[in-house]
Every structure is written in structure tokens, then in C-alpha cells.
Amino acid sequence: MFSTYIFDLDGTLLDTLGDLAASVNYALRTHGMPEHTIDDVRRFVGNGVRKLMERAIPEGEANPQFEATFATFRHYYMQHSLDTTRPYEGIPETLAALKAKGCRLAVVSNKMMAATQELCQHFFSDTIEVAIGENEAAGIRKKPAPDTVIASLRQLGVEKQNAVYVGDSDVDIQTAANAGLPCISVLWGFRDKDFLKANGAKTFISAPSELLQTL
């Protein structure tokens, strides 16, 4: 059925929550602000790191220390993005199996471009061909705009026919719809099934290996 797979990164391929939460709380602590639980941070992620910090910092962007705290977060996270981050169980094997079947594989993320590419190079250098992160300075809007998905298809040199988007959030569902792609929602990520269904998800998988049934 599908021969091109476009993946979200955080909550889909990688469990990044621990490192994100540690970086958020380091930045908050450094600037004298209250810290958050890991479940708080789970709810904050999905719309890029600036929105993550808007949600984490009291009064968001209206806080006079917002930009300094955001800069602290970005610097710390780039130094600590591999402390506890790991692929979800079964992900490396599934990507390798898809690749062996001739599938084209890419990642699009609202994570910073540098972090997206570094993590994909570190964990998936043999399977992920294209990795695109947040890069609005280059005129590429972040998800749920379709720009990163369209750019990934262009870089792969494929059309969107026979392509599918795989993600774990409402943002991913919207992104797939905006790009004109079907969406597979994973149930091991940062959002639960009830939340995903309420946001329009129709196709679910509970283990990475189930992707092999969509070929």
C-alpha cells in the first residue's frame, strides 16, 4: 500500500521526554522560575520549542525573562539531547525492515533543525534519508503547515502518492491532512488514544512492527 513513510520524531521514533523536561527545568531553575513535572512537559510539547517554553514559563512571552530563559533552554538542550533519549522498542528494527523492502524514509519535526538532524544522524543514519526540523527563517513553516512534509517529499524525489505520515499527536493529524496524506497514529507516544480520536485520528498502531503490514 505505502512505499514512502514520513515520520514525526519526538513521541514517534524517539522517547525524548526526559531530556526535554530536564532542559525545561534547568532553564526555569536558572532564571528563578517554578519547575514542572514530566507530565506537564508531556502536555506542553508538539508545537515546537518556542511554544513549549511559552507554556512552561509563567505568563509566556509576556514574561520579561522569556527570551533569556528560552535561550538557556536551547543551549542546554543542544548539549543534553542524548542524555536519556532512546528509540522506542522495535523502532530501529522496523525502520531497517522498511528500508530493506525499498521504502523511502524521512523525518519531519517541530524540533530545532540542528537537534532533529543530530538525533537522526546519531540513531538512524542507516535508514532515515531526510531529516527536516523547525526552520521558519528559511520560509518553511512548522507543522501543522504542510511545508516540512512537502520539502521532505521533494528531497526524497518522490510524489505523495503511496506516501503516509506517521505521528503521535493532534499536530501530526493536522499536518497529514494539510499535506494531503493519510495518517497513522501511534499509541506509544505522548498522547493517548482517546485524545487522538477526539482530534480526528482514524488509523492506529500499538507496536512499530505493525507498520510492516501497511506495505
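Owing to the predicted nature of the structure, the values given are computational and were not obtained by experimental measurement.
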Report task. Hydrophobic side-chain clustering at under 4.5 Å (ILVMFWY, transitive links): who's grouped with V158? Put none if nobody. Result ->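 Same cluster as V158: I6, V108, M113, V130, I132, V149, L153, L156, Y165, L181.
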**Report entry** Nearest-0.5 Å distance, OG1 of residue T127 to CD of residue E93
**Finding:**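 Separation between the atoms: 10.5 Å.
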Query - Distance in Å, S23 OG paired with M53 CE, rounded so as to fall on 0.5 Å steps - result: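 Here the rounded value is 9.0 Å.
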Query raised in the report: How would you list all residue pairs meeting salt bridge (Lys or Arg N to Asp or Glu O under 4.0 Å) that involve residues 141-158, not counting sequence neighbours?
Result: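 The answer is D8-K143, R141-D147, K143-D172.
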Query raised in the report: Under a 4.5 Å cut-off applied to non-hydrogen side-chain atoms, are L13 and V107 in contact?
Result: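 Counting from C-beta outward, L13 and V107 do come under 4.5 Å.
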Query raised in the report: Can you list the steps and then say if R191 with N199 is a side-chain hydrogen bond (donor to acceptor under 3.5 Å, both in side chains)?
Result: CA-CA 11 Å; R191 303 288 187 265; N199 282 276; over 6 Å; no
Report task. Given ring pair (Phe, Tyr, Trp, His ring centres under 6.0 Å), test Y26 with H80 step by step and report yes or no. Result -> CA-CA 11 Å; Y26 175 83; H80 294 273; 7.4 Å; no
Query raised in the report: Between K111 and E134, is there a salt bridge with N-O shorter than 4.0 Å?
Result: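 No, this pair does not count.
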Query raised in the report: Between the side chains of N178 and T175, does any donor sit under 3.5 Å from an acceptor?
Result: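 Not at all, the side chains of N178 and T175 share no donor-acceptor pair under 3.5 Å.
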Query raised in the report: Just checking, any donor-acceptor pair under 3.5 angstrom between side chains of H31 and T72?
Result: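 T72 and H31 do have a side-chain donor-acceptor pair below 3.5 Å.
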Residue [X] excluded, over 12 heavy atoms near [atom1] under 6.0 Å:
X	atom1	answer
K51	NZ	no
Q161	CD	yes
E61	CD	yes

**Report entry** Full working for side-chain hydrogen bond (donor to acceptor under 3.5 Å, both in side chains) between Y5 and T214
**Finding:** CA-CA 10 Å; Y5 292 78; T214 67; 2.7 Å; yes
Query raised in the report: Side chain of D19, backbone of D83: donor and acceptor closer than 3.5 Å?
Result: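 Present.
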